2 protein chains.
Amino acid sequence: MIFLSLNDFIEATNGPKCRVFENPDPKELIEVLKKLKTSHVITIFALCDAFYKGRAQSTLDKGERLIIIKPDGTLLIHDSRSREPKNWQPPGSIITFSYNNGSLLIKSKRYNPREEIRITCYTLYVVITARLGRGGLSLEGSEKEMAEIINKNPSLIEEGLRIVKREAKTPYGYVDLLGEDAKGRLVVIELKRGIAQINAVYQLVRYVEYFRSTARREVRGIIAAPKISKNAMLILKRYGLEYKRVKIR
Amino acid sequence: MIFLSLNDFIEATNGPKCRVFENPDPKELIEVLKKLKTSHVITIFALCDAFYKGRAQSTLDKGERLIIIKPDGTLLIHDSRSREPKNWQPPGSIITFSYNNGSLLIKSKRYNPREEIRITCYTLYVVITARLGRGGLSLEGSEKEMAEIINKNPSLIEEGLRIVKREAKTPYGYVDLLGEDAKGRLVVIELKRGIAQINAVYQLVRYVEYFRSTARREVRGIIAAPKISKNAMLILKRYGLEYKRVKIR
DNA sequence: GCCTAGGTCCCGTCT
DNA sequence: AGACGGGGCCTAGGC
């Protein structure tokens, strides 16, 4: 373990991207972590246990894990499996480090909702601090994009269709697309970029119900998606609604 | 950077929990990663970019990031913000490492759905390999638990209520709890462990509609939750349904 | 494998 | 702030 002088600290913040601490002494490490927590991502390999209390409550038994602390307040505890952390705290949480009986204690608090995680690190194997970048991601293929494409080219749904409104507000929620067909009937369209399931049908049903109760003309309802589940299709038909296979790109 | 002999490799797999490689040579590192990817969590701090194509499509610009590869096939790319990885691949994906023009290439593939990530690591700052534990989490406070508690003590909803069935299947989905009140009326109960929102109301509405159309007796619908949103409450009443505040513990 | 529904969902967006 | 709905959602459980 390297003892941190002021020079070491300056190097850590302004020097290399990463700094590695192998088997560090918890007491000495805490001083480093306190300084770097607002600017660096802290990565800790440790033998630890954890307690969470908030919207739910959990206990994580003692084991070897990977703890990640981000400058935005995010806390993640990962083990050897799964995309999801075993425990976590979202951005905006407040983290504090302390020492107790040879162990490093990590505490993360947040409010609204009030939640807390307490981690006890019994053994610190490796700790890495690093300045990391952020952002730079551009994503294509969202439902929003799908709406834009159909908006520009309503014949993807059917010939003669005209889009009247997007994100039309009703007391029952937002309608993805509202149109008018060749015969002047109102067409409520619910988009799904993936497989349309029962929920999508529910959404459509209530929008159609709403417009049928207010608009004084015929109202159709269409789910537009690349695929629809068997049950969803069944319910859809039971309500006299329609499905249109739409595959973008 | 430490060149890995066979002995070094044996030490890496059976020896210490963590092994650290600072500024490793990509070519040499690849040999290590290929051996350890099925047993160790691999953590890479690198200057990298990434391309994803599958259900959607994305580009991640060149930047400093933390890459995590788990033995179950999980891949995570984190930056300095957010609980969510910028890019990822879920468990079961197949990872391969290769070398190109001074860079480490990481490729992760999966099928159903067919998805792929390609990462180019231009600079490797630090790489850590570690055997981590798994599991050991016990969680309390789920909706399932809530159902169990109410099942045992239906008076939490109202006096005289009797639970008839849990997870009752209908063509419109699963009803959390089905009961009978003191007056012999059928009671459909939808549980939410957090705030009940519009969606919860829709679920309930569909179930109640179904039972009203099939059961030859009066049917009530109740949302049981610690809280309900304003709009949800409005719609609930519009449908003649009820809300019961239930706070477990 | 498909499908359903929950989640300490997270996250953006809008009121 | 609350509230609503998407997400490359993920994950567990049923069939």
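Everything numeric in this text was worked out from a predicted model, so none of it was measured.
Under the 6.0 Å distance and 45° angle rule, B:K62 counts as a cation-pi partner of B:Y122.
Within the structure, every side-chain polar atom (N or O) of A:N87 is placed at least 4.0 Å from both OP1 and OP2 of C:dT8. Within the structure, a side-chain polar atom (N or O) of B:N112 is placed less than 4.0 Å from OP1 or OP2 of C:dC2. Taking side-chain N and O atoms only, B:R193 has a distance below 4.0 Å to OP1 or OP2 of C:dC9. An OP1 or OP2 oxygen of C:dC11 is reached within less than 4.0 angstrom by a side-chain nitrogen or oxygen of B:S82. Phosphate proximity of D:dC4 to B:N231: present, with a side-chain N or O under 4.0 Å from OP1 or OP2.
Residues from residues 54-77 of chain A that place a heavy atom under 4.0 Å from any atom of DNA chain D: there are none.
Comparing D:dG8 with C:dA5, their P atoms are spaced 22 Å from each other, to the whole Å.
At a threshold of 4.0 angstrom between heavy atoms, the contacts of A:G194 with the nucleic acid are absent. No contact: B:R206 has no heavy atom under 4.0 Å from any strand. Using a 4.0 Å heavy-atom cutoff across all strands shown, A:E115 reaches at least one base atom of the nucleic acid. Using a 4.0 Å heavy-atom criterion, one finds that A:P91 contacts the sugar-phosphate atoms exclusively. Residue contacts for A:G173: at a heavy-atom cut-off of 4.0 Å it reaches the sugar-phosphate backbone alone, with no base atom in range. Within 4.0 Å (heavy atoms only), A:K192 reaches sugar-phosphate atoms of the nucleic acid but no base atom. B:K230 comes within 4.0 angstrom of the backbone, heavy atoms only, and of no base. Within 4.0 Å of A:E140, counting heavy atoms only, lies no atom of the nucleic acid at all.
The base of D:dG8 sits within donor-acceptor range of the side chain of B:Q89, with an N or O pair under 3.5 Å.
Of the residues near DNA chain D, B:Y174 and A:Q203, the one whose nearest nucleotide (by heavy atom distance) lies more toward the 5' end is A:Q203. Mapping B:K144 and A:S142 onto DNA chain D by nearest heavy atom places A:S142 at the nucleotide closer to the 5' end.
Sequence neighbours left out, not one pair with a member in residues 221-233 of chain A passes side-chain hydrogen bond (donor to acceptor under 3.5 Å, both in side chains).
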Dot-bracket for DNA chain D, 5' to 3', counting Watson-Crick or G-U wobble pairs under 3.5 Å, with [ ] for crossing pairs and | for inter-strand pairs? |||||||.|||||||
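Taking atom CH2 on B:W88 and atom P on D:dC9, their separation rounds to 8 Å, with Å as the unit.
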